[in-house]
Number of protein chains: 2
Amino acid sequence: MLRKKPTTRPVTIDEVASHAGVSIKTVSRVMNREAAVRDSTRQRVLAAAKELNYKPNPAARSLASNRSYFVAMVYDNPSASYLLDFQSGALEACRERGYSLLLQPCDYQSPQLLEELVTLVTERGNPGLVLTPPLSDLSDVVEQLDKLGVKFVRVAPVDPEHPSPYVAVDDRAAAYDLTRYLIDMGHKRIGFIKGHPHHGASQARFEGYRGALRDRGLSFDKTLIVQGFFSFDSGEQCGRTLLARKDRPTAIFASNDEMAAGVLHIAHELQIDVPSTLSVAGFDDTPVSRYTWPSLTTIRQPVEAMAKSVVGTLIAVMRDERKKDQSKGTLFPYELVIRGSTGPFGR
Amino acid sequence: MLRKKPTTRPVTIDEVASHAGVSIKTVSRVMNREAAVRDSTRQRVLAAAKELNYKPNPAARSLASNRSYFVAMVYDNPSASYLLDFQSGALEACRERGYSLLLQPCDYQSPQLLEELVTLVTERGNPGLVLTPPLSDLSDVVEQLDKLGVKFVRVAPVDPEHPSPYVAVDDRAAAYDLTRYLIDMGHKRIGFIKGHPHHGASQARFEGYRGALRDRGLSFDKTLIVQGFFSFDSGEQCGRTLLARKDRPTAIFASNDEMAAGVLHIAHELQIDVPSTLSVAGFDDTPVSRYTWPSLTTIRQPVEAMAKSVVGTLIAVMRDERKKDQSKGTLFPYELVIRGSTGPFGR
DNA sequence: AGCGGCGATGACAACGCTTTCAATACTATA
DNA sequence: TATAGTATTGAAAGCGTTGTCATCGCCGCT
């Protein structure tokens, strides 16, 4: 079967120009929404473009303008559903503005990380970058990228000091609220599983937990704190540690849903009933929180909206459209979602 | 803070050429691995390129060559983790060959789907397409894309009749094996939750189930079959239907993990012990299968490897490198993964 | 009427690469 | 040593846009 593919050659700007009786430059102006075009002319051009179904050639565009129509999402494997939610928000922002999203998985601990990013940027026509955690906290990388003139925004940076734009949720306050909720359910011994130490949010969540204990006058017991790594496996391990003790906690707050799922697994293994004798809470409200039994009490972050917002900002930066007075960071609201995995102790 | 960004202008082919003492055409040849270059020349050029850290400008490249260095993954929300696994395999294939991956979420039922895809293709410089299920089964879309000369490959098409390349797993055989395993555990009444009717795999899995019953001489009870939609919620609903019956099944085979997770939820709600009085199995071996309690018996598909392979094929097609005698489809091996959610009836 | 200015438009040169085709340098052969 | 043939290389013309700068009207003001 060797039939020749038709591959209809796309319409070019020249055709639109002659069809509308103007120069290509004018068509270009119209397509780029530049101001200095008489309204009647603009209409004529738009009509011609529409009729011919003209789509500007992106390669020619970025070659000539030395501009990029790409946003690259740089990530190192945070939770899967977080990634997907984020992607979908980012895609939405890109779609609205005619940009495309590139994916750049990477190893945040690699010594060549900066080099890889620079390669990405130069190889892919200078896209803007979205740094997701924990990359958003690598201050040297941030510094260098900035120095190199790379446009980027950060997601959930622990340290908002750098002038680049970012989005985040107040992790500390969220963890504080969740902990207070547990305390208000009557829990006095609340275990805490810390998140990955290289994620800024981990520290903030821990501080929220501690703050709530303090404010409610509960003593802080260091032995109830264990170090997790945001993974299901680490959740199991930490759960085992906490639940093996004789004076085990009556509630466990895991710094994300996957670890909470791991704790639930161990609780089942040890035949500890949840929530009657153990409450378990997570963080993030990923789909995981519904798959577990019981469903997880957790904190919902509007990940998709955050992604959309921050990518929008990035594109504005790439276009130099950003008003100077615009605030560099945006905090999004979180929400405490109460499900079956938590309750008062002893029924 | 108005400091000017340095934005070091990238190295161009001209600089490499003069640095190596050759014409730009020769540099171009070397960069594109064309044959007709003396070895000594090639070395000289490579050295120069390396020294200057030359990266060909992709926009210029695709403008001049009218070729695309993009692969677009077209999907309509199959399971989240499936997507991510697929992405990561696709990215790997792209990375190896210097291509970039674009994401194109879409609505497979939209009447304008074809139009949207054509827009994508023309707007984004004619990328190759990866059609994931259920898009891979829209024969009219496939037909039209082919007619338009769009290069594409399909993932898990139910109907391999079209000559475009594809990857798949033998869903029927996998479901057959899983069902036989359940039967061999002593189950005689095995409920089946069908997958989304618009996914080709659904039918194949169902046939595998039926085939195993038949071969093992078990009667086929239509009332044990319920229609799901691959979602957790539909799993719950179907689970409720099946488990509310007096003569409820002793095992339930859900056509994917999320639905199986839903069934487990209902089992817990009804205080039906798994696996002693009910076995539950899923399909896909997504991370979900580990989060549930008990962990799910399921079928593992090498999604990432499949993605990598099919994207590799796509790129070969885009480059016209594909040997004619190459088989158009590739079947990947699946694996039965036995976990805690299944066992012999009555302990 | 003459002049400065500004709004609207177009001509033409990039942008960095590939393609085409011609030119040159070899190599094997007679 | 000449000769054809092949391997290697390069010059120049695009590819489809945007950037720069010149041009052309037209307005208001002297």
Side-chain angles (χ1 to χ4, degrees), chain A residues 7-46 48-49 52-70 98 121-126 318-320, chain B residues 7-46 48-49 52-69 98 122-126 318-320:
Chain A
T7 312
T8 43
R9 197 182 45 73
V11 183
T12 71
I13 198 172
D14 301 82
E15 305 175 49
V16 178
S18 65
H19 196 276
V22 297
S23 76
I24 61 169
K25 181 62 209 184
T26 298
V27 177
S28 169
R29 287 196 179 93
V30 171
M31 300 312 290
N32 290 290
R33 295 183 170 65
E34 287 175 32
V37 179
R38 193 176 320 176
D39 201 56
S40 61
T41 313
R42 176 185 310 280
Q43 297 310 329
R44 206 145 30 93
V45 171
L46 286 176
L52 300 178
N53 189 28
Y54 168 64
K55 311 281 178 194
N57 177 318
R61 229 144 111 108
S62 48
L63 177 59
S65 67
N66 190 30
R67 224 181 262 159
S68 171
Y69 296 90
F70 289 99
V121 167
T122 65
E123 260 180 353
R124 293 289 176 263
N126 201 33
M318 292 168 70
R319 286 187 183 156
D320 280 322
Chain B
T7 313
T8 42
R9 198 182 42 71
V11 184
T12 72
I13 198 173
D14 301 82
E15 304 175 49
V16 179
S18 65
H19 196 275
V22 297
S23 75
I24 62 169
K25 177 61 213 184
T26 298
V27 177
S28 170
R29 287 198 178 92
V30 172
M31 299 313 289
N32 290 292
R33 295 182 171 66
E34 289 175 31
V37 179
R38 192 175 320 175
D39 201 56
S40 60
T41 313
R42 175 186 309 280
Q43 296 311 327
R44 209 145 30 94
V45 171
L46 286 176
L52 299 177
N53 190 28
Y54 169 64
K55 311 281 178 194
N57 177 319
R61 231 144 109 110
S62 47
L63 177 58
S65 66
N66 191 28
R67 225 182 261 158
S68 171
Y69 295 90
T122 65
E123 259 180 353
R124 293 288 177 264
N126 201 33
M318 292 169 70
R319 287 187 183 153
D320 280 323

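Values below: all heavy atoms of this structure, side chains included; hydrogens, waters and symmetry mates excluded. All of these numbers come straight from a predicted model, not from anything done at the bench.
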Exercise for the section: To the nearest 0.5 angstrom, please state how far the CE atom of A:Met318 sits from the CZ atom of A:Phe70. Expected result: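 Here the interatomic distance stands at 9.5 Å.
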Using whole Å, what does the distance between atom [atom2] of nucleotide [N] and atom [atom1] of [X] come to?
X	N	atom1	atom2	answer
A:Leu63	D:dG16	CG	P	12 Å
A:Asn57	D:dG14	CG	P	18 Å
B:Asn66	C:dT20	CG	C1'	16 Å
B:Ile13	D:dG14	CD1	C1'	15 Å
B:Ile24	D:dG10	CD1	P	11 Å
A:Asn32	D:dG16	CG	C1'	13 Å
B:Arg44	D:dG10	CZ	P	8 Å
A:Lys25	C:dT9	NZ	P	13 Å

Practice task
Check whether the side chain of A:Arg67 and the base of D:dG19 form a donor-acceptor pair under 3.5 Å.
Solution key: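 Under the 3.5 Å cut-off, the side chain and the base do not form any donor-acceptor pair.
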Handout entry: Side-chain donor/acceptor contact of A:Arg29 with base of D:dG19 under 3.5 Å
Key =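 Counting by modelled atom types and ignoring angles, no donor-acceptor contact under 3.5 Å is found here.
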Under 4.0 angstrom between [X] side-chain N/O and [N] OP1 or OP2:
X	N	value
A:Ser65	C:dC15	no
A:Arg61	D:dT18	yes
B:Tyr54	C:dC17	yes
B:Ser28	C:dT18	yes
B:Thr26	D:dG10	yes
B:Ser23	D:dG10	yes
B:Ser62	D:dC15	no

Handout entry: Residue mapping more 5' on DNA chain D - nearest nucleotide basis, B:Thr41 or B:Ala64
Key =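 Looking at the nearest nucleotide for each, B:Thr41 comes out on the 5' side.
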Exercise for the section: Take B:Glu34 and B:Ala59, find for each the nucleotide of DNA chain C with the closest heavy atom, and name the residue whose nucleotide sits nearer the 5' end. Expected result: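 Taking each residue's closest nucleotide, the earlier one in sequence belongs to B:Ala59.
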Exercise for the section: Using a 4.5 Å cut-off on heavy atoms from C-beta on, say whether the side chain of A:Asn57 contacts that of A:Pro10. Expected result: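 No - every pair of side-chain heavy atoms lies 4.5 Å or more apart.
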Practice task
For residues B:Tyr54 and B:Met31, determine if any side-chain heavy atom of one lies less than 4.5 Å from a side-chain heavy atom of the other.
Solution key: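 Yes, at least one pair of side-chain atoms sits under 4.5 Å.
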Practice task
Identify whether any heavy atom of A:Pro58 sits under 4.0 Å from a base atom; if not, whether one sits that close to sugar-phosphate; answer base, sugar-phosphate or nothing.
Solution key: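 No contact.
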Problem - Donor-acceptor under 3.5 Å (B:Arg44 side chain, B:Ala20 main chain) - result: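 Yes, the answer is positive, given that a donor and an acceptor are paired below the 3.5 Å cut-off.
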Practice task
Taking the six-membered ring of A:Tyr69 (Phe, Tyr or Trp), confirm whether the NZ or CZ of A:Arg61 is under 6.0 Å from its centre and within 45° of its axis.
Solution key: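 The answer is yes; both the distance and angle limits are met.
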Exercise for the section: Go through C:dG10, D:dT18, C:dT9 for me and flag the one nearest to the A:Val22 side chain. Expected result: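 Among C:dG10, D:dT18, C:dT9, the one nearest the side chain of A:Val22 is C:dG10.
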Exercise for the section: Please report the closest heavy-atom contact between A:Leu63 and B:Ala59, naming both atoms and the distance. Expected result: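 Scanning both residues, the minimum pair turns out to be N-CB, 3.9 Å.
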